[in-house]
Engineer: 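Here it is, the structure, as structure tokens.
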Amino acid sequence: MSQELTGAPVAQAVMEGLRPRIAALARDGVSPKLAIVRVGERSGDLSYERGACKRCSSLGIEVEKIVLPGDTPQIQLEHAIECVSGDGSVHGCLLLRPLPRTLDERRVAFLLSVEKDVDCLTDGSLAGVFAGRPTGFPPCTAEAVVLMLEHYGCGLRGADVVVVGRSLVIGRPVAMMLQARNATVTMCHTKTHGLAEKCRAADVLVVAAGHARVVGADFVRDGQTVIDVGINRDEVTGKLCGDVDYDTVAPIVSAISPVPRGVGSVTTAVLAKHVIEAAERSCT
């Protein structure tokens, strides 16, 4: 059976590294603060919000929740983001996505200060990821994938990595971040010809396809490390499942992250880390 790469030890390590930095900020009279902007009552948003608030509370990070109705007009959301950007007491802003289809995310992103963009909403943060510069912040989940691999000693230098997924939220940013660590990355998606063959050739497989159990036993081989980023709801059981068919893949590969208890638990720790970094940058 493969090694199970759970997120809790990784998240704990991140948090332990943050505590002395928070203490240093306190000595300078700085109290880190995160603003969470939520539109509507989507269950996924509520779950992530609860996890983020719990994580921040455990570290002493203040959280301000800005909750707007699901039918909120564009101008009201834009006003909320402008207020957050102009509030000197707020160091980071998390806009829960995806937004309702009636709202224009790009227009909202234009109004958010890059310095407070702790989850890569703005073009400035994306440019920082793609150029390898400390401008804004990478997506929390993408960074969580990299931290998972590093924590468990998965050698990335020279490794052949396949990323299944091409979104700006995970797929493309995590590919750039892995390349920055000297991995050789192939980006694929569900329309890729010969996808199973390409996945089997990888040393490390990162799956962020957005489709439940799209990667099965025929996509993997012995010796691989598999990171499952997917979060889906099983239509029959109602339970959470990933983009990887865990039950068939786990007996074959060397290591695999589960869903739940995998990348997701690291994501909120990375969010807290970004808020602390934003607070530190505000002092310079």
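Computed from a predicted structure; not experimentally measured.
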Engineer: Using the test side-chain hydrogen bond (donor to acceptor under 3.5 Å, both in side chains), find all partners of Glu105 that sit at least two apart in sequence or belong to another chain.
Structural biologist: Arg97
Engineer: Quick check on the hydrophobic clustering: are Met177 and Phe137 connected, directly or via other members, by side-chain heavy-atom contacts under 4.5 Å?
Structural biologist: yes
Engineer: Are Val129 and Leu126 close enough that some pair of their side-chain heavy atoms sits under 4.5 Å apart?
Structural biologist: no
Engineer: Can you tell me if Glu4 and Thr6 form a side-chain donor-acceptor pair at under 3.5 Å?
Structural biologist: no
Engineer: Under a 4.5 Å cut-off applied to non-hydrogen side-chain atoms, are Leu149 and Val204 in contact?
Structural biologist: yes
Engineer: Any side-chain donor-acceptor pair under 3.5 Å between Ser257 and Asp228?
Structural biologist: no
Engineer: Do we see a donor-acceptor contact under 3.5 Å between the side chains of Glu115 and His91?
Structural biologist: no
Engineer: Taking all non-hydrogen atoms of both residues, which atom of Leu59 and which atom of Ile22 are closest, and how far apart?
Structural biologist: O-CD1, 3.4 Å
Engineer: Can we say Asp247 and Arg213 salt-bridge, meaning some charged N sits less than 4.0 Å from an Asp/Glu carboxylate O?
Structural biologist: no
Engineer: List for me each residue that meets side-chain hydrogen bond (donor to acceptor under 3.5 Å, both in side chains) alongside Gln3, sequence neighbours excluded, and say none if there are none.
Structural biologist: none
Engineer: Is it true that Asp87 and Lys116 have a side-chain N and a carboxylate O under 4.0 angstrom from each other?
Structural biologist: no
Engineer: Salt bridge (Lys or Arg N to Asp or Glu O under 4.0 Å) between Glu49 and Arg38: does it pass, once the steps are laid out?
Structural biologist: CA-CA 9 Å; Glu49 182 183 286; Arg38 170 166 53 85; 2.6 Å; yes
